[in-house]
*Asks:* 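Please read through the structure below; I'll follow up with questions.
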Amino acid sequence: MTVSTLRTTGHTEGVRRPGRWLALSVLVLAVLLVAVDATVLGLATPFLSEDLKPSGTQLLWIGDVYSFVIAGLLVSMGSLGDRIGRKKLLLIGATAFGAVSVLNAYATSPEMMIVARALLGVAGATLMPSTLALIRNLFHDPRERSLAIGIWGAMASAGAAVGPVVGGFLLEHFWWGSVFLINLPVMAVLVFVGIKLIPESKNPNPGPWDLPSVALSLVGLIGIVYAIKELASHGLSPDAGVAALVGAGALTWFVRRQLTLPAPLLDMRLFRHRGFSGAVLADLLTILGLSGLVFFLSQFFQLVQGRQPLEAGLAELPAAVGAVTAGLIAGLVARRFSVRSVVAGGLAAVGLSLAVLTTLDQHTGYPLLGAALLVVGVGAGFAFTVTADVILSSVPKDQAGSASAVSETAYELGAALGIAVLGSIVTGVYRGFATPADVPSGIASAAHESLGGAVEASGALAPETATALVSAAQEAFVDGLRIAAGVGAAVLLATAVAAWFLLKGQKLEDGVEH
């Protein structure tokens, strides 16, 4: 449908809907908060470790179960929004997100924290696809929509870097649970303003919501991610093998089922579009590099370089500045040059910055780290925003929820894999460090669980021994971080080359509406 057709059919308000920019501000607020929640725990980890005393494995689960659950449910929730109404799903999700945040804030054990984070992921999964699909409904002019998606993408990218700043401020003044309680007033504003300003939209002929497909997508995605996590942490094991088989089997069954259903949960034919597939792949791997880097640099700044939480959060701010700036101009740059040059260039920038971090040591100065973070932010902002625009404009409007769910699944799966894969590399290298000879076995065991555990356990030792233990632990953590950065760099640079070919000829819309 063209813009002129919209005008002649009496839908002028659809092209220039009053209040659309204010409505957008509410939508991006939700995106920012969900993204902040994915990374805010990076700074809270030392405090949470001291209070709840999780094992190294439990700590990884607390860090990434949120993203796992979101990744597993996004396709289902995007499709549900197409059916029951995206505004309705957004408001339900916002209410649940606020309520479950309280459970996270007052968790009293590692197990309770893992469950609370998983429930927060369920609520988050209802928010993310709804926001992008509603943008498609609010903005029918392609140039306006590119700018709106740029703002949305900037907030999604920036959230990963803003999280540490917000968390740092709160942790210096309150206890670690406060990083979750900030969700309550934000979600209250979202619900109140959203009811009045956001228009409802849904697929007029959606068909039934296929529950077997929901179960298959959930089992498949979580199975695959869990298998990768186990493989990276412990190498080949029966658990990893079983999870991989179950996950691959469920996803294969899911794809075959979608191809036979008259009203599929996710139209797999979308992936026949080369640009769509290339954009999804670039999405996933951009966020993998960004989230993995931000999560572990938070710990590096605090536990290796000894910065206070707020200082550590501010040290990561260049990534947010770069992401926001690039996101706002990404549409203009992609039209001026080309989609593939902007996406491939963005991916290459993130990859090269990660490559620079392979030179990291305990005493690396901030100018190098700050510059690397700025380039990562700029690269991620360009790549992620343009690919989101390509994904959303590649499909008919009534499938906006499903398409945006694919984009969001790539985002959250990338975040989960970034923490799981790169995190497992860091953890695997870290656990191999040699403790000083006079450290008791109980303290040595606690020190090998996590760097935070080593710092805490050293308090029971004589000063010289404690210093030697913490120094060995820090060195092992930095070794792991260097290797993880190298792996991330290789993946991102390879993806940049793939994106160059997959996105050949791809253009952003310029005055036409699908």
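Reckoned from all heavy atoms, side chains included, excluding hydrogens, waters and symmetry mates.
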*Asks:* Run Thr359 and Leu368 through side-chain contact (heavy atoms from CB on, under 4.5 Å) and show every step you take.
*Replies:* CA-CA 10 Å; Thr359 65; Leu368 177 66; 4.2 Å; yes
*Asks:* Is the shortest side-chain heavy-atom distance between Ser213 and Leu261 below 4.5 Å?
*Replies:*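 In short, these two side chains touch, coming nearer than 4.5 Å.
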*Asks:* Measuring only between side-chain heavy atoms, which start at C-beta, is Phe276 closer than 4.5 Å to Val390?
*Replies:*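 Side chain of Phe276 against side chain of Val390, heavy atoms only: no contact under 4.5 Å found.
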*Asks:* Asp361 versus Thr364: any side-chain heavy-atom pair under 4.5 Å?
*Replies:* yes
*Asks:* For Asp239, which residues count as a side chain to side chain donor-acceptor pair (under 3.5 Å) partner, sequence neighbours excluded?
*Replies:* none
*Asks:* Can you see which heavy atom on Val219 is nearest to which on Ala250, and at what distance?
*Replies:*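 Scanning both residues, the minimum pair turns out to be CG1-CB, 4.0 Å.
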*Asks:* In Å and rounded to the nearest 0.5 Å, what is the CD to CD distance from Glu475 to Gln362?
*Replies:*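 One gets 5.5 Å once the value is rounded to the nearest 0.5 Å.
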*Asks:* Can you check whether Leu357 reaches Leu369 side chain to side chain, under 4.5 Å on heavy atoms?
*Replies:*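 The answer is yes, as the side chains (C-beta and beyond) meet within the 4.5 Å cut-off.
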*Asks:* Heavy atoms, side chains only, cut-off 4.5 Å: are Leu90 and Leu27 in contact?
*Replies:* yes
*Asks:* In chain order, what residues pass the side chain to side chain donor-acceptor pair (under 3.5 Å) check against Asp479, with sequence neighbours excluded?
*Replies:* Arg482
*Asks:* Can you tell me how far apart CG (Leu251) and CD1 (Ile224) are? Round to the nearest 0.5 Å.
*Replies:*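 Reported value, rounded in 0.5 Å steps: 5.5 Å.
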*Asks:* For a quick test of reading the model, state the closest non-hydrogen atom pair linking Thr387 to Ala282 and the distance between them.
*Replies:* CG2-CB, 3.8 Å
*Asks:* Indicate yes or no for a side-chain donor-acceptor contact from Thr358 to the backbone of Ala355 under 3.5 Å, with no hydrogens or angles considered.
*Replies:*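 Checked: pair present.
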*Asks:* State, with a plain yes or no, whether a side-chain heavy atom of Thr126 is found less than 4.5 Å away from one of Phe97.
*Replies:*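 A side-chain contact under 4.5 Å is absent here.
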*Asks:* Could you measure the distance from the NZ atom of Lys88 to the CG atom of Leu80? Nearest 0.5 Å is fine.
*Replies:*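 Result: 9.5 Å between the selected atoms.
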*Asks:* Any side-chain heavy-atom pair from Ser341 and Trp500 closer than 4.5 angstrom?
*Replies:*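 In contact.
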*Asks:* Could you pull out the closest heavy-atom pair between Val376 and Ser353, with the gap in Å?
*Replies:* CG2-CB, 3.3 Å
*Asks:* Applying side-chain contact (heavy atoms from CB on, under 4.5 Å) to Ile84 and Leu89, what does each step give before you reach the verdict?
*Replies:* CA-CA 7 Å; Ile84 69 169; Leu89 187 66; 4.2 Å; yes
*Asks:* Specify the closest pair of heavy atoms between Ala227 and Ala244, including all atoms of both residues, with the distance to one decimal.
*Replies:*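 Between these two residues, the closest heavy atoms are CB-N, 3.5 Å.
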*Asks:* Crowded around Phe501 CZ? As in, over 12 foreign heavy atoms under 6.0 Å?
*Replies:*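 It does not: Phe501 CZ has 12 such atoms or fewer within range.
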*Asks:* Could you tell me the separation between the CZ atom of Phe382 and the CD1 atom of Ile329, rounded to the nearest 0.5 Å?
*Replies:* 4.0 Å
*Asks:* Search all heavy atoms of Ala348 against all heavy atoms of Ala496 and return the closest pair with its distance.
*Replies:*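 Reported closest heavy-atom pair: N-CB, 3.8 Å.
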*Asks:* For the atom pair CG (Asp283) and OG1 (Thr495), what is the distance rounded to the nearest 0.5 Å?
*Replies:* 11.5 Å
*Asks:* What distance do Leu354 atom CG and Leu360 atom CG have between them, rounded to the nearest 0.5 Å?
*Replies:* 11.5 Å
*Asks:* Would you check if Leu352 and Val375 make a side-chain contact, meaning some heavy-atom pair closer than 4.5 Å?
*Replies:*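 No - every pair of side-chain heavy atoms lies 4.5 Å or more apart.
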*Asks:* Kindly give the heavy-atom pair with the smallest separation between Thr385 and Gly327, and that separation in Å.
*Replies:*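 Here Thr385 and Gly327 meet closest at OG1-CA, 3.5 Å.
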*Asks:* Decide side-chain contact (heavy atoms from CB on, under 4.5 Å) for Leu502 and Arg340; before the verdict, give the C-alpha distance in whole Å, the side-chain angles of both, and the deciding distance to 0.1 Å.
*Replies:* CA-CA 8 Å; Leu502 287 170; Arg340 74 170 182 171; over 6 Å; no
